[in-house]
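Below is one structure, written out as structure tokens; the observations come after it.
For ligands, and for the atoms within them, numbers begin at 1 and follow the listed sequence. Since the model is a prediction, treat every value here as computed from it, not as a measurement.
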Amino acid sequence: MVHALDAADVLATKREAFDLPEGVIYLDGNSLGVLPAHVPSRMAEVIKDQWGTSLVRGWNDHDWIDLPQRVGARIGRLIGAAPGSVVAGDSTSINVFKVLSAALTMRSDRKVILSDNGNFPTDLYVASGLAKLLDAGHELRIVDPDKVEANLGDDIAVMMITEVDYKTGRRHDMKALTAKAHQHGVIAIWDLAHSAGAVPVDLDGAKADFAVGCGYKYLNGGPGAPAFLYVAERHHGALNPALTGWMGHEAPFAFDLDYRPATGIDRMRVGTPPILSLSALDAALDVFDDVDMDTVHRKSVSLCDLFIKEVESRCPELELVTPRDPSVRGSHVSFRFEEGYALMQALIAEGVIGDFRAPDIARFGFTPLYLSHADVVRAAEILEGILRNKTWMQDEFKKKQKVT
Ligand SMILES: *Cc1c(COP(=O)(O)O)cnc(C)c1O
């Protein structure tokens, strides 16, 4: 069935760039992006022709050594970051540690890290672990998302916020909050896990200080893909990394016994980059080459609006927890339902893949590059059927798995 809104969709042909399983409506690209169709052949080439043939010469012959910066620059284009201010590698959790520790040394007279209770737990866990390690009286202050601005004051060292709430999809105003933070001399760190590749981001324009984000969500880099981090160019000279590995050294192959920091973003590198997974992410980014994020976002708004409308008219037992206003949300839509886990399992059994976030959130991600409006309507129809027939009540759907 063709939906009227799909007829005018300029991104419709992008679906062919992805290898989507037959019979699946995939609404979880915010958790693990779909495999771009050309990635397997590119990986085979990297493995056989580069690793297999070049062996150790590949570090120079294929310039593996600078792949983190090249992939970083490609991601930078999607998040409004100047070339040379983003590097790919490590995990988001580790990058949180890296940027937060660097930021804290820039405000050593202040002891408060401000975040909100909509932040993803790993960011908060890393911050409290770092505070403990520093043993210098740092406090992690966690407030409601709408109280962040009011809590910005001259006692705050760093504001560390996730732009798009992983549960509700609520989106902070990066530019306004960063400006307010700066008025008080506060360093602003943004986590773009649910923003990069989903909504237009303008890190340089917003004057953000630091940012981190995931490679495996909307960027489709594959399970556990390398993450990325951003440092505004104006901070490069004074950057003080805590993880002073040899890849962040001015001359790694001088093998000096003393540490001398590299210039620029290179200083934030730590160890040997994972070339296979970075190559998969690099290849995956090709699908973004000929699209601009405003176009992607326009379709995201259209898909999310349609899903909200369809679900609310068909499924009154579900409670919308995502903002209706597209200007304050990301690219996923969440509904509260007491048996949200069982509901999601029943949906997955019928080919509609979303996910569940405790305690009661059924979450649906909308990825404009491979979803159509017809998919959205079909997913809502299936959801309606499951609720009407109470299919979710079957025992098999209530058994919790390790990953939800
Ligand atoms: C998904 C996500 C992460 C994941 O961190 P990993 O180190 O990749 O496990 C971190 N922060 C936020 C805000 C996320 O949404």
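For D109, the side-chain contact (heavy atoms from CB on, under 4.5 Å) partners two or more places apart in sequence, or in a different chain, are R107.
Within the structure, side chain to side chain donor-acceptor pair (under 3.5 Å) contacts touching residues 180-193 (residues at least two apart or in different chains) are D154-H184, T178-W190, H182-D209. The list of ring pair (Phe, Tyr, Trp, His ring centres under 6.0 Å) pairs with a residue in residues 82-127, not counting sequence neighbours, reads F120-Y166.
A salt bridge links R141 and D155; the closest N-O separation between the charged side-chain nitrogens and carboxylate oxygens is under 4.0 Å.
Taking a heavy-atom cut-off of under 4.0 Å, ligand 1 is surrounded by S91, T92, S93, F120, T122, D123, T162, D191, A193, H194, C214, Y216, K217.
Between Y259 and W246, the distance from one ring center to the other does not fall under 6.0 angstrom.
A donor-acceptor contact closer than 3.5 angstrom links the side chains of H172 and D116.
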